[in-house]
Amino acid sequence: MKLGCSGRECDMTVLIDGRPVEASEGAQYRDLIPLIDPEAPRRVLGVSVRGKTLPLSARAEEGVQVETLTYKYEEGARIYERSVRFVLLLAIRELFPEVRVRMENTTQTGLYARLVGVMLTAAMVRQIENRMRELVAADLPFEKKVITRAEAIRYFEREGQMDKVQLLKYRPFEHFQLYKCGEMLEYFYGEMAPSTGYTPVFKLDFYMPGLALSLPDPLNPDRPAKFRDQPKLMRCFDESSRWAEILGCENAADLNEMIAGRRLREFIRINEALQERSINLIADEFQKSGAQLILVAGPSSSGKTTFAHRLRIVLQARGFKPYKLSLDDYYIDRERIPVDENGEVDLERIDTLDLTLFNEHLVRLMQGEAVDAPTFDFPTGRRLEAKRAVSVERGQPILVEGIHALNERLTSEVPRGSKFLIYVSALTTLNLDDHNRIRTTDARLLRRLVRDHNFRGTTPEDTLAMWPSVRRGEANYIFPHQEKADIMFNTSLVYELPILKKYVYPLLCDIPPESPHFTRARSLVKFLNYIQTADVEDEIPPNSILREFIGGSCFYREDD
């Protein structure tokens, strides 16, 4: 008997993770995975073939190279999240029929969800978790169903899920795939695990007024990540979500209806007015704080540079003379940066900055002294001999913006009471529908793809290649410090996706299947298919954060 053929003649050879496996015609990948991972076959959640993510129920093909997707890979983690989310929704549907469930946002360990119109209690959350564990133990299959759009609309109308009904009106294809488990049909915009038994690792916590679903710990996927409260970030999300609800734009279909009804222009004005109001409130808090040093940090493509410009103008209108001190000039010579254990240079480490000199200059400037500031030359990777005389009027604000701005080591010699810490990020609150979030990470990636292509001469594939490294840097150097902030600012604009789609959609569609970045590009294209484009750019003001990415910003003109 040949490996993988179960007593039948082998018809083909499949290369799985570089290992040849012989299989009979019609074999599914789930039949072959135990042959290469007999100890724990359910670690594998899907496979990647020719750049496409496929479920384990897909039929094996002759001669193809197959990569298995476990939780440590992003696509594997997304399969796991979708599958355990289905288990959560099925448990709630069985226990509390007709209750509307809305997936609100991510937490550091998973997802936050709300049962709309229900006074949730800790006892109810325990009840939901217990039912989820029963569903996992039952190992119920996730069955793929191909149905027409009309059939799907009729089903979701019967279920009262009008958010999906409205969204499906904008779907450009007549057939699509649903998954069925138990008596529930659901659409999760991506592949699923074979059955509920593949999702044993999770934890639910009551997080008033909703619940927090913790997913597997990335460092040890055999146990759930320990839930960590992030009250400031959650308050920021909650405030933005409440405004989206008030403005009637919680899901993609709401935004599409505005576009179809020619109401997007007014919505843009409201979005921009709300951000301007928030920046003025931050200026109020800074004035009340008595601090002098303003520190602004945020992840890639959060719009922190434009935010810093706008805050500076608001403070100038109040009689201040804020000075923006550049961290870039305090880099040490590149040849002096130590390598890591792999012999590589991590340019995002805080140790790449001359912290001693930076702190010395900060203290002197805050006390009214002039300093000879350095100038760093990026092409050569060295500090120039020439110095710049810099001075700040005593008591005037100094503004510093950068990824390490909230790290205490950056400003260790400045007393905490003299510092005002701001964390900015693009925390999108727009969902595709109640059960399917638009990931904050994906929204920031779209911004970066557009900016890199428009202004940095970087191809979409190069941007996608850099993105995992960018994410690691954020996880290591930004996110651990975000709760230290005195205030948080959400730079996301609810209207931005229809604008970004015009730029990024054709770029993503041009990435060929043989590219190693095709899978990621395809996942972005799939959710953008549900977003309508809008030709209203003339309505976007020149100081908008979105202008940092699409162009036309008043802060980045050559005559500034």
> Between Asp486 and Lys419, is the closest basic N to carboxylate O distance under 4.0 Å?
Replying inline: no
>> Whether the side chain of Asp238 engages the backbone of Met234 through a donor-acceptor N/O pair (distance < 3.5 Å, no angle test) should be reported.
In response: no
>> Could you go through Arg439 and Glu81, starting from their C-alpha distance and side-chain angles, then the distance that decides it, and tell me whether this counts as salt bridge (charged side-chain N to carboxylate O under 4.0 Å, His left out)?
In response: CA-CA 12 Å; Arg439 296 167 181 266; Glu81 182 202 305; 3.1 Å; yes
>> Between Asn271 (side chain only) and Val494 (backbone N and O only), is there a donor and an acceptor less than 3.5 Å apart?
In response: yes
> Got Ile499 and Leu493 here, is their nearest side-chain heavy-atom distance under 4.5 Å?
Replying inline: no
>> Pairing donors with acceptors under 3.5 angstrom, does anything connect the side chains of Asp433 and Asn436?
In response: yes
> Going from CG on Leu211 to OH on Tyr112, what distance comes out if it is rounded to the nearest 0.5 angstrom?
Replying inline: 7.5 Å
> Of the non-hydrogen atoms in Leu357 and Pro374, which two are nearest, and what is the gap between them?
Replying inline: CD2-CG, 4.2 Å
> Looking at Asn105, Asn490, Thr428, Thr429, which hits side-chain hydrogen bond (donor to acceptor under 3.5 Å, both in side chains) with Ser240?
Replying inline: Asn490
> So do the side chains of Leu255 and Pro498 get within less than 4.5 Å of each other, counting heavy atoms only?
Replying inline: yes
>> Within the 4.5 Å heavy-atom criterion, are Leu449 and Pro460 side-chain neighbours or not?
In response: yes
> So do Tyr331 and Arg383 actually touch side chain to side chain, heavy atoms under 4.5 Å?
Replying inline: no
>> Would you compute the distance between atom CG of Leu325 and atom NE2 of His361 and round it to the nearest 0.5 angstrom?
In response: 9.5 Å
> Can any side-chain N or O of Arg437 pair as donor or acceptor with the backbone N or O of Asn431 at less than 3.5 Å?
Replying inline: no
>> Under 4.0 Å between a side-chain nitrogen and a carboxylate oxygen: does that hold for Asp442 and Arg520?
In response: yes
>> Under a 3.5 Å distance rule, please check whether Glu276 uses its side chain to pair with a backbone N or O of Glu272 as donor and acceptor.
In response: no
> Should Glu401 and Arg312 count as an ion pair when the cut-off is N to O under 4.0 Å?
Replying inline: no
> Any sub-3.5 Å donor-acceptor pair from Arg114's side-chain atoms to Pro209's backbone N or O?
Replying inline: no
> For Tyr73, does the OH atom have more than 12 heavy-atom neighbours from other residues, nucleotides or ligands under 6.0 Å away?
Replying inline: no
> Between atom CG of Leu546 and atom OG of Ser544, what is the distance when rounded to the nearest 0.5 Å?
Replying inline: 5.0 Å
>> Taking Arg447 first and then Glu548, would you say they form a salt bridge - that is, a charged N and a carboxylate O separated by under 4.0 Å?
In response: no
>> Taking Tyr71's backbone N and O only, do any of them form a donor-acceptor pair with Arg43's side chain (distance below 3.5 Å, no angle check)?
In response: no
>> What I'd like to find out is whether the side chain of Asp434 reaches to under 4.5 Å of the side chain of Val116, using heavy atoms alone.
In response: no
>> Applying side-chain contact (heavy atoms from CB on, under 4.5 Å), can you list everything that pairs with Glu335, at least two apart in sequence or on another chain?
In response: Asp333, Arg382
>> Can a donor-acceptor pair be found, under 3.5 Å and without considering hydrogens, that links the side chain of Lys304 to the backbone of Gly298?
In response: yes
>> So, taking the atom named CG in Leu430 and the one named OH in Tyr495, what distance separates them when rounded to the nearest 0.5 Å?
In response: 13.5 Å
> Does the distance from a Lys or Arg side-chain N to an Asp or Glu carboxylate O, for Arg471 and Glu474, drop under 4.0 Å?
Replying inline: yes
>> What I want to find out is whether Arg364 reaches Asp372 closely enough, with some N-O distance under 4.0 Å, to be called a salt bridge.
In response: no
>> Checking the side chain of Asn407 only, and the main-chain atoms of His481 only, is there a donor and an acceptor separated by less than 3.5 Å?
In response: no
> With no hydrogens and no angle check, is any side-chain donor or acceptor of Gln292 less than 3.5 Å from a backbone partner on Gln396?
Replying inline: yes
>> Could you tell me if Gln482 and Tyr423 have a donor-acceptor pair between their side chains, going purely by distance under 3.5 Å?
In response: yes
> Which value, rounded to the nearest 0.5 Å, describes the distance between Leu464 atom CG and Thr458 atom OG1?
Replying inline: 11.5 Å
> Going by the angle between their ring planes, with limits at 30° and 60°, are His309 and Phe555 parallel, tilted or perpendicular?
Replying inline: parallel
> Which atom pair, heavy atoms only, marks the closest approach of Leu410 to Ile350?
Replying inline: N-CD1, 3.9 Å
>> For the NZ atom on Lys72, are there more than 12 heavy atoms of other groups (residues, nucleotides or ligands in this structure) within a distance under 6.0 Å?
In response: no
> Do you know which two heavy atoms are closest between Ser83 and Thr199, and how far apart they sit?
Replying inline: CB-CG2, 3.6 Å
>> Taking Glu285 first and then Lys288, would you say they form a salt bridge - that is, a charged N and a carboxylate O separated by under 4.0 Å?
In response: yes
> Less than 4.5 Å apart, any side-chain heavy atom of Ile403 and any of Glu348?
Replying inline: yes
> At their closest point, which heavy atom of Leu45 faces which heavy atom of Gly76, and how far apart are they?
Replying inline: CD1-O, 3.3 Å
> Should we count NZ of Lys321 as having more than 12 external heavy atoms under 6.0 Å?
Replying inline: no
> Considering all heavy atoms of both residues, which atom of Arg547 and which atom of Ile540 are nearest to each other, and what is their separation?
Replying inline: NH2-O, 2.8 Å
>> Looking at Gln230 and Gln108, would you say the former's side chain and the latter's main chain have a donor-acceptor pair under 3.5 Å?
In response: yes
>> Applying ring pair (Phe, Tyr, Trp, His ring centres under 6.0 Å), can you list everything that pairs with Phe206, at least two apart in sequence or on another chain?
In response: none
>> Could you check whether any side-chain heavy atom of Ser214 comes within less than 4.5 Å of a side-chain heavy atom of Asp205, counting everything from C-beta outward?
In response: yes
>> For Phe202 and Glu129: C-alpha separation, side-chain torsions, deciding distance, then whether side-chain contact (heavy atoms from CB on, under 4.5 Å) applies.
In response: CA-CA 9 Å; Phe202 64 87; Glu129 182 175 17; 4.1 Å; yes
> Which atom names give the shortest non-hydrogen contact between Ala521 and Ile511, and what distance separates them?
Replying inline: CB-CD1, 3.7 Å
>> Tell me whether Glu408 at atom CD has more than 12 heavy atoms from other residues, nucleotides or ligands lying less than 6.0 Å away.
In response: yes
> Which residue pairs satisfy the ring-ring contact (aromatic ring centres under 6.0 Å, His included) criterion with at least one member in residues 430-459, sequence neighbours excluded?
Replying inline: none
> Between Arg235 and Glu239, is there a salt bridge with N-O shorter than 4.0 Å?
Replying inline: no
>> Any salt bridge linking Arg269 with Glu539? Criterion: basic side-chain nitrogen under 4.0 Å from a carboxylate oxygen.
In response: yes
> More than 12 foreign heavy atoms under 6.0 Å from CZ of Arg388: is that the case here?
Replying inline: yes
>> Between Asp329 and Lys387, is the salt bridge (charged side-chain N to carboxylate O under 4.0 Å, His left out) condition met? List the steps.
In response: CA-CA 10 Å; Asp329 288 321; Lys387 301 286 195 302; over 6 Å; no
>> Assess the residue pair Asp229 and Tyr207 against the criterion (side-chain contact (heavy atoms from CB on, under 4.5 Å)); give the C-alpha distance rounded to whole Å, side-chain angles, the decisive distance to 0.1 Å, and a yes or no.
In response: CA-CA 9 Å; Asp229 191 8; Tyr207 192 80; 2.5 Å; yes
> Heavy atoms, side chains only, cut-off 4.5 Å: are Trp467 and His517 in contact?
Replying inline: no
> Considering residues, nucleotides and ligands other than Glu483, do more than 12 of their heavy atoms fall under 6.0 Å from its CD?
Replying inline: yes
>> What's the separation between atom CZ in Arg82 and atom CZ in Arg85, rounded to the nearest 0.5 Å?
In response: 7.5 Å
